[in-house]
Amino acid sequence: MVLSLYNTATRTVSEFRPITAGKVGIYLCGATVQAPPHIGHIRSGVNFDILRRWLAASGFDVTFIRNVTDIDDKILHKAVHESIPWWAVAMKYERAFTDAYKALNVLPPTYEPRATGHITQMVELMEILIEKGHAYAPGNGDVYLEVRTLSSYLTLSNQKLDDLLPAGDAEDRLKRDPRDFALWKASKPGEPSWPTPWGDGRPGWHLECSAMAQAYLGETFDIHGGGLDLIFPHHENEIAQSEAAGYGFANVWMHNAWVTTAGEKMSKSLGNSLQVQELIKKVRGIELRWYLGSAHYRSMLEFSFEALEESAVAFRRIEAFLDRSIGILGKTPEGIIASGFADAMNDDLAVPAALALLSETVKSGNNALAANDLVSLEVAVAEVRGTLGVLGCDPLDEAFLGSHPSNTDAIDGLISLALQQREAARARKDFAASDAIRDQIAALGIVIEDTPQGPRWQMTSGR
RNA sequence: GGUCGGAUGGCCGAGAGGCGAGGCUCAGGACUGCAAAUCCUGCUACACGGGUUCAAAUCCCGUUCCGACCUCCA
C-alpha cells in the first residue's frame with residue numbers, strides 16, 4: 001500500500017508522488033514568535049512531526065523546513081508594550097516554542113530559518129515580481145502584489161476575488177485594488193528597517209515563506225503544511241507570490257485542524273491555562289503529545305482537562321505494558337512496523353485506526369505475558385515500540401527517559417527494602433502488617449503490584 | 001453575502017452503502033490472602049424530516065443547531 005495524503009488544493013486524498021524518488025521536501029509554517037505557544041500551536045507541530053516520522057520510517061530522506069517569523073506587527077506592538085527591543089521579544093518566544101517542541105519530542109527541523117535572516121531573498125523575489133509586472137511600488141515605501149494580474153488566485157480556498165468582503169481601510173488608497181496585499185511595508189519611525197530599492201522597510205506577513213521555501217526546498221517542492229486558518233490569506237498569498245514569480249511551489253497542501261474549547265477555536269486571548277508550559281505541569285510531555293496526536297490531524301480536537309487526563313491514563317496502560325514486558329524479557333526489543341499499522345498510516349495518517357490496532361497488540365501482548373509466551377511477547381513489544389516511535393511517544397526514546405518515573409536505582413533499592421519486609425509478613429500470613437506497608441508506600445504515590453514474578457512498584461504521581 | 005467544516009453511545013473518538021473501530025467510565029466474572037495489574041463478558045450510538053436502495057450513520061433533498069475563514073491566526 002502506498003502513501004496517500006489529503007491535499008487541500010484538490011480536496012481529495014490521493015497517492016503521494018515525490019518529485020525526486022526517495023526524497024521529500026516539507027515546508028511547515030511555524031511560529032510567529034509573539035506569545036508563548038498554546039496547545040493549538042503545538043498540535044500543528046506534533047501532527048507534522050508524525051508525518052515526518054512516518055515518511056522517514058517509510059524510507060524517505062526528509063528535508064523538513066519550519067520557519068520562524070520573527071518580525072511582524074504584533075511583535076513590534078509587544079516590544080512597545082513590554083518596553084524591550086523587538087528582537088528580544090522574538091527571541092524570548094522563539095525559545096518558548098523551542099522548549100515546547102522539545103518537551104513534546106517534536107524533532108528539530110532540518111533547518112529553521114528566520115524571516116529576518118532572509119531579507120536578501122525577499123528583495124530578490126520582489127524584484128522578480130515587479131519585473132514580471134505582478135507587483136508595484138507606489139512610492140511610499142510599500143510594495144504590493146497586484147492580484148488582478150494573476151492568472152489564478154484563491155484556488156486553495158476556492159473563493160472568488162469579488163466575493164471577498166471589501167477591506168476598506170483608508171490607507172489603502174495607494175493600492176491599485178483594495179485586495180492587493182503588501183509584500184513589503186515602509187517602516188515607521190522607531191521601527192526596524194532594511195534598505196531596499198523602494199525605500200527602507202520591513203517584510204509583509206507572507207513574503208518570508210515564499211522566499212525561504214524557495215531558498216531551502218527549491219522552486220517546486222513536495223509538501224507545504226500549516227493550520228487550517230492559514231489557508232486564507234497566508235497560503236493563498238504565498239501561492240500568488242511564488243507562482244507569479246514563475247515557481248511551481250508546493251505540490252501537496254496539508255492543513256491540521258484546531259484544538260477547540262467549548263466548540264470554539266482556541267484564540268490567543270484565552271489566557272495562560274492552555275499554554276504548553278502550563279499543561280506539562282499537569283501531565284508529562286509524552287502524555288500531552290499522546291493526547292494531541294491521538295485525534296486525526298484533520299479533525300477538530302475538543303480540549304478538556306478530563307479528556308486529557310483520561311488520555312494520559314490510557315497511555316500509561318501501554319507504558320506499563322512495555323515496562324512489565326521488558327522486565328520479563330530481560331531485553332529491550334527494537335521497534336518494528338506492523339503491516340496493519342503501515343496501512344493505517346498510509347491512509348492519510350489514520351492515527352486513530354492505528355491506535356485501535358495498538359490496543360489489540362497490547363492486549364495480545366498481555367495475554368502472551370500471562371501465558372509466559374516470550375516469543376509472542378517480544379513481537380508485541382517490538383510492534384508497540386514501532387508504533388509509538390512513529391507517533392513520537394516511545395517512553396524508551398531518550399527524549400523521554402529523563403521523565404521515566406521508575407529508573408532511579410536509589411529509590412528502587414529503598415523500596416525493595418520495604419518490599420522485603422512486606423514479603424516476609426506475607427510469608428507468615430501477617431496480612432495486617434503487609435497491608436500496612438503497602439498503604440504507607442501508596443501514600444507516597446507508589447503503587448505496589450504483586451505478580452507471579454514477585455512484587456513490583458511504580459510511581460503514580462512522579463511527573 | 002461568499003467559502004468551508006461539524007453534530008456518532010455516560011464520556012473521548014474512528015468509520016463513510018452490508019461483517020459490533022478502539023479507548024475511558026460503569027456492571028459482572030477469572031486471577032489474588034485482600035488488592036493492584038491483566039484478561040473475559042455485558043452496556044452498542046450515529047441531530048431532525050423526507051427520499052434512493054435488497055440494504056443508509058454513510059448517498060440525495062430539506063430542516064435545525066454549532067463552528068471556522070473572508071487581508072495580524074496553528
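Letters A, B, ... mirror the listed sequences (proteins, then strands); counts begin at 1. Predicted, not measured: the structure shown is a model, and the values here were computed from it.
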*Check every strand shown and say whether A/W205 touches a base, only sugar-phosphate, or nothing at a heavy-atom separation below 4.0 Å.*
sugar-phosphate
*Which part of the nucleic acid does A/E360 contact within heavy-atom distance under 4.0 Å: base, sugar-phosphate only, or nothing?*
sugar-phosphate
_Spatial distance of atom CD1 (A/I39) from atom CD (A/E278) [nearest 0.5 Å]_ = 12.0 Å
*State which residues pass ring-ring contact (aromatic ring centres under 6.0 Å, His included) with A/W253; sequence neighbours excluded, sorted by chain then number.*
A/H224, A/H235, A/F249
*Find the distance A/L308:CG to B/C24:P and express it as a whole number of Å.*
16 Å
*Is the shortest distance from a Lys or Arg side-chain nitrogen in A/R438 or A/D435 to a carboxylate oxygen in the other one below 4.0 Å?*
yes
*State which residues pass ring-ring contact (aromatic ring centres under 6.0 Å, His included) with A/F181; sequence neighbours excluded, sorted by chain then number.*
A/H206
_List the residues meeting ring-ring contact (aromatic ring centres under 6.0 Å, His included) with A/W258, not counting sequence neighbours, and say none if there are none._
none
_Using heavy-atom distances to pick each residue's nearest nucleotide on RNA chain B, tell me which of A/Y153 and A/R43 is more 5'._
A/Y153
*Considering only the C1' atoms, how many Å lie between B/G17 and B/G51, rounded to the nearest integer?*
15 Å
*Would you kindly give the CD-to-C1' distance between A/E309 and B/G23, to the nearest whole Å?*
15 Å
*Between B/C70 (P) and A/K160 (NZ): distance, integer Å*: 19 Å
_Basic-acidic side-chain contact under 4.0 Å: A/D99, A/R95_ = no
*Mind checking the C1' distance from B/G6 to B/C46? Whole angstroms is fine.*
13 Å
*Could you measure between the two C1' atoms, the one in B/U58 and the one in B/U52, and give it in whole Å?*
13 Å
*Calculate the interatomic distance between A/F181 atom CZ and B/C73 atom C1'; express it in whole Å.*
17 Å
*Round to the nearest Å and state the distance from A/F321 atom CZ to B/G23 atom C1'.*
17 Å
*P gap between B/A45 and B/C19, integer Å*: 13 Å
_B/A74 OP1/OP2 closer than 4.0 Å to side-chain N/O of A/N47_ = no
*Mind checking the C1' distance from B/C31 to B/C65? Whole angstroms is fine.*
49 Å
_Using whole Å, what does the distance between atom C1' of nucleotide B/A74 and atom CG of A/L274 come to?_
14 Å
*Of all residues at least two apart in sequence or in a different chain, which pass the side chain to side chain contact (heavy atoms under 4.5 Å, CB included) check with A/E310?*
none
_So A/V259, base contact, sugar-phosphate only, or nothing? Heavy-atom distance under 4.0 Å._
base
*Sequence neighbours excluded, which residues qualify as side chain to side chain contact (heavy atoms under 4.5 Å, CB included) partners of A/V379?*
A/E383
Filtered N/O pairs between nucleotides 34-42 of chain B and protein, under 3.5 Å:
unit_1	atom_1	unit_2	atom_2	d
B/C34	O2	A/R438	NH2	2.7
B/C34	N3	A/R438	NH1	3.1
B/C34	N3	A/R438	NH2	3.3
B/C34	N4	A/D450	OD2	3.2
B/A35	N6	A/D450	O	3.3
B/A35	N1	A/D450	N	3.0
B/A35	N1	A/D450	OD2	3.4
B/A35	N3	A/R438	NH1	2.8
B/A36	N1	A/D450	O	3.2
B/A37	O2'	A/R324	NH1	2.9
B/U38	O3'	A/N366	ND2	3.1
B/C39	OP1	A/R317	NH2	3.1
B/C39	OP1	A/N366	ND2	3.3

*Within this structure, what is the CG-to-P distance between A/L161 and B/U3, rounded to whole angstrom?*
14 Å
_From C-beta outward on A/Q159, which listed nucleotide comes closest to its side chain: B/G33, B/A74, B/U3?_
B/U3
*Please list all pairs passing the side-chain hydrogen bond (donor to acceptor under 3.5 Å, both in side chains) test where one or both residues lie in residues 297-306 of chain A, with sequence neighbours left out.*
A/T260-A/E302, A/Y297-A/D348, A/R298-A/D348
*Could you give the NZ-to-C1' distance, from A/K78 to B/C72, as a whole number of Å?*
13 Å
*Taking the side chain as C-beta and beyond, is there a heavy-atom pair between A/L279 and A/Y291 under 4.5 Å?*
no
*By nearest nucleotide on RNA chain B, pick out whichever of A/F431 and A/G30 is the more 5' one.*
A/F431
Which protein N or O atoms sit under 3.5 Å from an N or O of nucleotides 11-13 of chain B?
unit_1	atom_1	unit_2	atom_2	d
B/G13	OP1	A/E302	N	3.3

*On a whole-Å scale, what distance lies between the C1' atoms belonging to B/C26 and B/C12?*
15 Å
*Who passes side chain to side chain contact (heavy atoms under 4.5 Å, CB included) against A/T98, sequence neighbours left out?*
A/E94
*What residues form a side chain to side chain contact (heavy atoms under 4.5 Å, CB included) with A/L150, not counting sequence neighbours?*
A/H134, A/L145, A/V147, A/Y153, A/A240, A/A244
*Answer with base, sugar-phosphate or nothing: what part of the nucleic acid does A/G40 contact at a heavy-atom distance below 4.0 Å?*
base
*Electrostatic pair A/D162:A/R148 at N-O distance under 4.0 angstrom*: yes
*asked:* Could you measure the distance from the CG atom of A/L156 to the NE2 atom of A/H255? Nearest 0.5 Å is fine.
replied: 5.5 Å
_Counting Watson-Crick and G-U wobble pairs with both distances under 3.5 Å, what is the dot-bracket string for RNA chain B, 5' to 3', using [ ] for crossing pairs and | for pairs to another strand?_
(((((((..(((.....[...))).(((((.......)))))....(((((..]....))))))))))))....
*Is the closest basic N to carboxylate O distance between A/E82 and A/K74 below 4.0 Å?*
no
*Determine the contact category for A/N256: base if any of its heavy atoms lies under 4.0 Å from a base atom, sugar-phosphate if only primed atoms, P, OP1 or OP2 are that close, otherwise nothing.*
base
_B/A56 and B/U8, which share atom name C1', separated by this distance in whole Å_ = 14 Å
_If we count only N and O atoms by modelled type, under 3.5 Å, do the side chains of A/W205 and A/D73 hold a donor and an acceptor together?_
no
*Take atom C1' in B/G18 and the same atom in B/G13, then report the distance between them in whole Å.*
23 Å
*asked:* Give the residues of residues 232-241 of chain A touching RNA chain B, defined as any heavy atom closer than 4.0 Å, sorted by residue number.
replied: A/F232, A/P233, A/N237
